[in-house]
Amino acid sequence: MSYRANREAYIFLTKLIQRAGLRRSDFLQRLADYGYIISDDDLTNWGRSGRQFPRNWTLLRAMIAILRDPELAQPCTASEALHFFSLVEMPFSELHNIATLFPRQEFIPAIGHYLPFKFILIEDDYPVVEQSGP
């Protein structure tokens with residue numbers, strides 16, 4: 001992960017936390033409720049030169065799940081979550097786990113900005129991929 005993308009991910013996450021109406025300490029406490037004990041220093045260090053977000057996809061997904069809470073001032077949208085995950089270079093194999101955090105009608109249009117193909121939903125919500133380019 002490039003320093004620039006990592007720094008942008010850190011700044012973006014910080015903005016999402018603030019916009020949601022959470023203090024960093026509240027956000028970190030909610031992470032602890034998920035079983036992730038992250039200090040304010042840890043979070044800050046992830047945005048520093050030479051550092052990066054951990055490759056712990058369940059931890060990063062928990063961060064977005066917290067920010068997705070509909071009781072927050074402004075919950076994280078599917079587009080915002082996908083933007084964050086693209087910055088931290090989430091592998092494609094994790095996409096299904098992210099999709100479960102959002103309603104289908106919000107997630108499918110949002111994913112269209114990141115993938116060179118389109119999804120067609122069929123019975124039982126299994127996605128079928130149809131190539132849209134050469």
List the residues meeting side-chain contact (heavy atoms from CB on, under 4.5 Å) with D33, not counting sequence neighbours, and say none if there are none.
Q29

Can you list every pair that meets ring-ring contact (aromatic ring centres under 6.0 Å, His included) and has a residue in residues 55-87, with sequence neighbours left out?
F12-H83, F53-F84

Would you indicate whether the side-chain heavy atoms of L43 and L31 approach each other to under 4.5 Å?
no

Once you round to the nearest 0.5 Å, how far does CD1 of I17 lie from CD1 of I66?
8.5 Å

With rounding to the nearest 0.5 Å, note down the distance linking CZ in R23 to CG in L28.
11.0 Å

Test of understanding: clusters of I, L, V, M, F, W, Y form through side-chain heavy atoms closer than 4.5 Å, transitively. Do I37 and M63 belong to the same one?
no

Please identify each residue that fulfils side-chain hydrogen bond (donor to acceptor under 3.5 Å, both in side chains) with Q18, with sequence neighbours left out.
none

Who are the side-chain contact (heavy atoms from CB on, under 4.5 Å) partners of L101, not counting sequence neighbours?
R61, I64, A65

Any donor-acceptor pair under 3.5 Å from R104 side chain to A99 backbone
no

Roughly how far apart are L82 CG and F102 CZ, rounded to 0.5 Å?
7.0 Å

What residues form a salt bridge (charged side-chain N to carboxylate O under 4.0 Å, His left out) with D40, not counting sequence neighbours?
R24

With D41 via side-chain hydrogen bond (donor to acceptor under 3.5 Å, both in side chains) - residues at least two apart
none

Run F107 and I98 through side chain to side chain contact (heavy atoms under 4.5 Å, CB included) and show every step you take.
CA-CA 9 Å; F107 188 78; I98 303 312; 4.1 Å; yes

Is there side-chain contact between T44 and Y10, with heavy atoms separated by less than 4.5 Å?
yes

Note, L22 side chain near L67 side chain (heavy atom, < 4.5 Å):
yes

Test item: Q52 and E89 side chains (from C-beta on) under 4.5 Å apart, heavy atoms:
no

Those residues at least two apart in sequence (or on a different chain) that pass side-chain hydrogen bond (donor to acceptor under 3.5 Å, both in side chains) with T14 are none

Partner set under side-chain contact (heavy atoms from CB on, under 4.5 Å) for T100, not counting sequence neighbours
H96

Taking C-beta and beyond as the side chain, do D69 and R30 meet within less than 4.5 Å on heavy atoms?
yes

For the CE atom of M90 and the CG atom of N97, what is their distance to the nearest 0.5 Å?
9.0 Å

How long is the span from the CG atom in D26 to the CG atom in L72, to the nearest 0.5 Å?
10.0 Å

Between T58 and Y34, a side-chain donor and acceptor under 3.5 Å:
no

Within this structure, what is the CD-CG distance for the pair Q74 and L16, rounded to the nearest 0.5 Å?
10.0 Å

Quick one: does any side-chain atom of N45 pair with a main-chain N or O of D42 as donor and acceptor, under 3.5 Å?
no

Please list, chain by chain and in numerical order, all residues satisfying side-chain contact (heavy atoms from CB on, under 4.5 Å) with P103, sequence neighbours excluded.
R68, Q105, E106

Using the test side-chain hydrogen bond (donor to acceptor under 3.5 Å, both in side chains), find all partners of S93 that sit at least two apart in sequence or belong to another chain.
none

